[in-house]
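Data block below; observations after.
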Amino acid sequence: MSKISPFWVSAAVVLAAGLAFTEIVENQYYFTAIYLILQGLIMAVAWNILGGFTGYVNFGSAAFFAVGAYTAIALDKALGLPLPLLIVAAAAICGLIGLGVGYLTLRLKGVYFAIATLAMAIVLETFITNWSYVGGARGAYILTPDKHLWFDSYSEMLFMLMLVLAVVSVAISRKLNFSRLGRGLAAIRDDEVAAECAGVPTLRLKLVSTTIMGAMMGVAGAPYPFFVTYVDPLSAFNLFVAVNAIAMPMIGGTAHWIGPVIGALLVGSMQEIVKVNISSELNILIVGVMLVLFISLAPQGIVGLVQKHFLKRKA
Amino acid sequence: AQQPIKIGFSMALTGGLAGAGKGALIAMEIWRDDVNKKGGLLGRPVQLVYYDDATQPANVPGIYTKLLEVDKVDLVVSAYGTNLIAPAMPIIMRKKLVFPSLFGLGVNEEFNYDRYFQIMPSGPDPKVDWTRGFFALAMEQNPKPRTVAIVAADAEFALNAAAGARKNAQNAGLKIVYDKTYPPATTDYTPIVRAIQATNPDIVFVGSYPPDSVGMVKAANEVGLKTKLFGGGMVGLQFAAIQKNLGPMLNGIVNYDFWVPEPTLKFSGVEEFLAKYREAAKGKGVDPYGHYLPPYAYAYLQVLGQAVEATKSLDHGKLAEHMHKTEYDTVVGKVKFGKNGEWARSRVLQVQFRDVQPDNLEQFAGPGKRIVLYPKEWKSGDIVYPYKQ
Amino acid sequence: MANSLSIEGVRAGYGAVQVLEGISLAVRDGETVALLGTNGAGKSTLMKAVMGIVTPSAGRIAAVIDDVEHDLVGKTPEEVVDLGIALVPEGRRLFPKLTVQENLLMGASRRAARGRIDENLAFCFETFPVLAERRGQLAGSMSGGEQQMLALARAIMTAPKILLIDEPSVGLAPIFVARTVEKIAELKRRFGLTVLMAEQNFTQAIKIADRGYVIVHGHIEFEGESRESMQNNDMIRRLYLGM
Amino acid sequence: MVTADLLANAVVAGLLLGGFYAAVAIGLAIIFGQLDIVNIAHPAFIIAGAYTAYILNSRFGIDPVLIGVLAAPLFFLAGAGIYRVYYGAFERTGQESLSGLAFFFGLMFIIEVVLILVYGVDYRLVQAGYIGESWRIGFVDLPFRMLVPFVVAVALTAGIYLYLARTFTGRAIQAVAQDRLALQLMGVNPIRVKQWAFGLGIATAAIAGALLIIIGPVEPSVGRQYIGRAFAIVVLGGMGSISGMFIAALILGIVESLVNTFMGPSWAPAVAFGVLLLTLALRPSGLFGR
Amino acid sequence: MSDVILRVENLSKRFGGFTALQNVALHLTAGERLGLIGPNGSGKTTLINCISGALYNDDGTIVFEGADITRLPPHQRARLGIARSFQIPKPFRSMSVLENLRIPLEYAAWSRAEHRRITDEAMHVLETIGLKELAGKSSGDLTQVDMRKLELARALAAKPKVLVSDEAMAGLSGAEVDEIIEILLGLNRTGVAVIMIEHIMRAVMKFSERVAVLDAGQKIADGDPQSVIANPDVQRAYLGE
Ligand SMILES: Nc1ncnc2c1ncn2[C@@H]1O[C@H](COP(=O)(O)OP(=O)(O)OP(=O)(O)O)[C@@H](O)[C@H]1O
Ligand SMILES: Nc1ncnc2c1ncn2[C@@H]1O[C@H](COP(=O)(O)OP(=O)(O)OP(=O)(O)O)[C@@H](O)[C@H]1O
Ligand SMILES: [Mg+2]
Ligand SMILES: [Mg+2]
């Protein structure tokens, strides 16, 4: 019998702890706060699959997130599907958009690709702004259902759902990182021509990674309408979503799957703590200073810092 | 000492709506100090507990759960603006709290919550009532206008206002010759104004936010837009800094407003309030006169405070009941709520800029520059028509 | 006026790795000195140490430029270059996204070189006509050998007094190897250039070298005071002449 | 309803707008296009420039363009200082430019909030004699509010173009991101070159900010609206190329203006950025990329 | 000529207005050792870029083992058995020397590699090339010459049927050149055909069974080594006698 890896043990522990948390903790605030952290975590993990592993920077993360949210809104309105199905649908549609973005990598490298994703985000935003079925620029209201399975409240259910999604995302990212596929992605990041000539099917691998990234971001966005109950394009295509998706992996470290996880937990919880404890414009200032400090002190991310420390000790 | 009564809310102190949000906060702090000076509510001092939502809807659910679960506030009021009010609704509704709300346009049409009370005087059918006056004025003129152009920013309020305008225009039998929206991040408005001019409309209705309001007015002047009535739903023309900058370009524009220093609108307490506001606003980078939002931010707390005093309780059921049936006397005049929580009668003013001089801020402190044309009840002068021919 | 280079007991390396273990050598005024050694012996590292790219942990590096002596240890590469010492680095280090012409003009950034742009440019174009033909092509898209020529030409554009060349013949066709070597000799004649050259192509190097050193594992293993002594050395024969 | 005068006006308005976009993007064409530093905060610097213009204009009534020019040296110093920090944290340790992204995001927030703390969030405007006036040639209107920025932008672009193409420092700026060591071997200190270039890029923000506030009201976070446009213009122009950047800016301005006039302004961003995507699809390294 | 493994016909490649290759024809029989020489800029690297798929040719066809591969993407050519080294080294910089070899082993040679023993196979290749001591070193820190060796090692790890070595010996001393030639000869004995691009004539003469010469994008000679270097055109264009 093969040994169960520590990763899966910790994943199970996290999920069990999450469940216990919903049972024990009454204070709903924690569920909403952690929900946002987990949302950031999934976005960061997703961004890192393309940005960190494959070396293609996506500036349009917010668009995937928003399309995920709007897929959920549209299908909720049209068919009244249950949330899990909405999430699957959002994953499918954003995965498809990711696939499309993947084809951009055929010709566009480096910053050209990054700006293309930014352009794509603006084009998508304009479409949704003008799509009146989902409210257009006026925004859409989502009335959350009263049912919340066996949980005490709807936000507890959303929290648990997000926790499961986050664990799955991290598992996928980790699997990618250490597989043959992941090494192929790293080769692409280092030198695409050399990778091709070494037999790496670069296009297919890039398509796989953009699709996974897109789908994952869509998954992060799908429950969002039920979380805020009112979504308009301005808040869905949100600069902060895009900033966090990039900053969290950078701060955590991009080369290893744990990087975005650490970055998201650190930055996300700092943001939540600062938001409610320093109730003024100072909170954005602190977020700004934090970004600058973290990234200046550990330019390779926290993982990079730790690795360097270990290397020094070994030497 | 007595335990304070805590009133919790979220407010935009950074981000797009922060200009108004910070003004509102100043007004609310003035109310708190006023009340506490008089001995508080129910003999308890009042404390405001608030967080910056950074104009991000995603922050709002967390803020209200925190207010309720951790800070254990006794009362809540809303943030400023539709986008930031709506995300709080499910949480408030689940706890069945009274929810005085500050300038949300038609939020309750979706939620139908019977403890929601909107302080903005838009009226029972907010989206339509908003521009009723603008079109009523137009149709009184001679010769009667026949065509209208509607242009609005791609954002929540402007689009809703434009939708109302469309309805009013249709009811008035006007032909809509131009009906387009533009993204709020537009830099230059002259092409838009020119395209409007090309359709030769008698009336131009604009639904816009501060930066685009300025852009539109400037472009209309530069292009020499020829139309008979211009304005309607432009946010921003109520703010002193923008008024000062636009100066004479404003003359003739007819636009909505909620309060102006005209003799017909001298409600009790409003002068004192504005004096305190002017003092408090100094150096805070907010509107120096605060005619637009601050009186209402003061008033929605006044209503809440009066209800608490009258019912002698913090029981939300009792408060809601009282608020539904009572007419309140506030710095913005008499306030009576209708069934859906909106004002029972609309009091959206249509005011016309008149006689504005260049580069002069003080002129807007007093009467004579913004003449109230509508509703008749509050009228302070007659329309100058047409706007530009 | 005299230009020379002297290196005494230099130790240097990368981090924990020690590469040069006390090297001493001298290049006298107007000389061309060949530096020989197997792959990884430390030739490039020595040149980097002279240029200030790697900092020696011990030893002395000094250059006499126009009769004035300068201590090179502790100087930044740009300061060394500014004195009039140029390096043709291994791996060419061109500006791939600048054109051939722009690369050459970059070479003339040094103040002392600006006055001689036309003269030096003409010399480079005469030596490597392909550079003149392709002056508008991006350096990065040139063929390997063309890039090597450009790297050499760019160093000449800095109008140096002392020229260090790390393997000038790498990637060059025999016809160009011969021509390059000839032109280095001409540079020396025309400008009285002092040259230190790492070169694997022994037969070519020896044509213009006045003397040579062999480095093995970071030590000077052999010092040849003349061409003959070099040609007759056993180690060199084994290493370079395939005997 | 495409009439000749509407079309002519739309194209002219587009040109003027495009000129202003060039002023917004030119600093990035240096910092991002040539130094490879992803300075997301550039629009925030432009807002800082706009506030400088506002403050001096409202206090002393100085012309905003003049303020922009006078403030440029100060911005240059600020830029040089920021580059020092950036260098110390990232480049010295050999980090690729990407990690700087989070740094500049942070910087953007800091600039925004400091402006908010000091000057509040109210919309700010400037006063100048020519604002609101326009010049009519035939049936074409040239509002000075757009014409002045256009003229200044053209002058700025031309100046920087010549500087980069004709001087040794200019060429060094183009080369520095490609190979630092190689630049050292040319006898040039790459850090000083980068610091200089970064300062230069930020200095243009002082002028662009003055132009921005001539055109319309400014509040601390409006800079965000220009992030996409500015980067798109630089990339469309082919990264480092100044002339390419200028043409790309004009194209973007004209496309937006035409859509605003004839199609419905709501679609302007989709069309403008759609054009960008299409151009990249056909020419993967921009219009004038190397 | 029945066992021609690679055939290039009528191949042309232009860069903008510049013609880098014009109507080049070349063939390689299985197990052959071909030396490819020519002055700088004559198109040798461009030719093998076209053969390996790193560039697509404008005209002409490339046939490998009887199948037309002209439009095949590079990775498929690598899987069919064409491996090349890069003249200007392109190591995977974030990886160690050993990890660099895993890529071709896991991708190009996946069907031929023994999956469980990728590391052993990689070590074996490194040992052959003489990079064993550097296995754990970050590939970005190698000297130029070691990088060239790594290029060769990575090509070997793809377990090719045709190996193209683009100036792998540049910068090596005479003795080291001999070592590399031995390695290539050894490889050739196992049936791998080798195209060797090199400017070191001693190596070309020692290694090649046949030599082809390019000049200004055209093939000017093709035949046994002795007669090729005796060819006056070759002497004028390449050897400079
Ligand atoms: N950047 C570096 N980091 C770590 N080690 C290095 C670095 N550069 C070179 N080395 C090591 O230093 C030693 C000497 O390298 P150097 O480049 O000086 O050799 P060389 O004599 O020039 O050889 P070649 O003929 O290969 O050019 C080698 O063992 C090499 O591995
Ligand atoms: N992308 C490109 N754009 C323009 N010209 C190019 C490009 N790539 C190669 N060339 C030119 O094509 C010619 C052939 O180059 P190639 O690299 O094939 O030469 P080569 O025979 O390998 O030379 P070397 O022996 O110097 O490596 C050269 O003159 C080169 O400048
Ligand atoms: Mg070397
Ligand atoms: Mg070649």
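Chain A is the first sequence line, chain B the second, and so forth, proteins listed ahead of strands; every chain is numbered from 1. Quick caveat: nothing in here was measured; it's all calculated off a predicted structure.
Across all their heavy atoms, D/Val235 and A/Val111 have their closest contact at CG2-O, 4.4 Å. When all heavy atoms are compared, the tightest approach of D/Leu107 to A/Val292 is N-CG2, 3.7 Å. Nearest heavy atoms, D/Ala281 versus A/Arg107: O-NH1, 2.9 Å. Taking each heavy atom of D/Val38 and A/Phe59 in turn, the nearest pair found is CG1-CZ, 4.2 Å. Summarising the geometry of A/Ser296 relative to D/Phe103, their closest heavy-atom pair is OG-CD1, 3.6 Å, with the distance given to 0.1 Å. In plain terms, the two heavy atoms of D/Leu277 and A/Ala116 that are nearest each other are CD2-O, 3.6 Å.
Within residues 128-140 of chain A, the residues approaching chain D closer than 4.5 Å by heavy atoms are, in numerical order, A/Asn130.
Taken to the nearest 0.5 Å, the CZ atom of D/Arg229 stands 11.5 Å off from the CG atom of A/Leu118. A distance of 9.0 Å separates CG of A/Leu291 from CZ of D/Phe105, quoted to the nearest 0.5 Å. With values rounded to the nearest 0.5 angstrom, A/Leu285 atom CG is found 11.5 Å from D/Ile111 atom CD1. The distance from atom OG1 of D/Thr279 to atom OH of A/Tyr112, rounded to the nearest 0.5 Å, is 12.5 Å. A distance of 11.5 Å separates CD of D/Gln225 from CG of A/Leu239, quoted to the nearest 0.5 Å.
Heavy-atom distances place the side chain of D/Met108, and not its backbone, under 4.5 Å from chain A. Contact annotation for D/Phe32: only side-chain heavy atoms (C-beta onward) come within less than 4.5 Å of a heavy atom of chain A. Contact annotation for D/Ile233: neither backbone nor side-chain heavy atoms come within less than 4.5 Å of a heavy atom of chain A.
Chain A forms the most heavy-atom pairs under 4.5 Å with one residue out of D/Ala268, D/Pro269, D/Ala272, and that residue is D/Pro269.
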Exercise for the section: Could you go through the side-chain contact (heavy atoms from CB on, under 4.5 Å) check for D/Leu276 and A/Ile115 one step at a time? Expected result: CA-CA 9 Å; D/Leu276 168 74; A/Ile115 298 303; 4.0 Å; yes
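In this structure, the ring of D/Phe109 has its center less than 6.0 angstrom from the ring center of A/Phe240.
Looking at D/Phe273 and A/Met120, their side chains never come closer than 4.5 Å, going by heavy atoms from C-beta outward. Between A/Ile295 and D/Phe90, the closest side-chain pair of non-hydrogen atoms falls below 4.5 Å.
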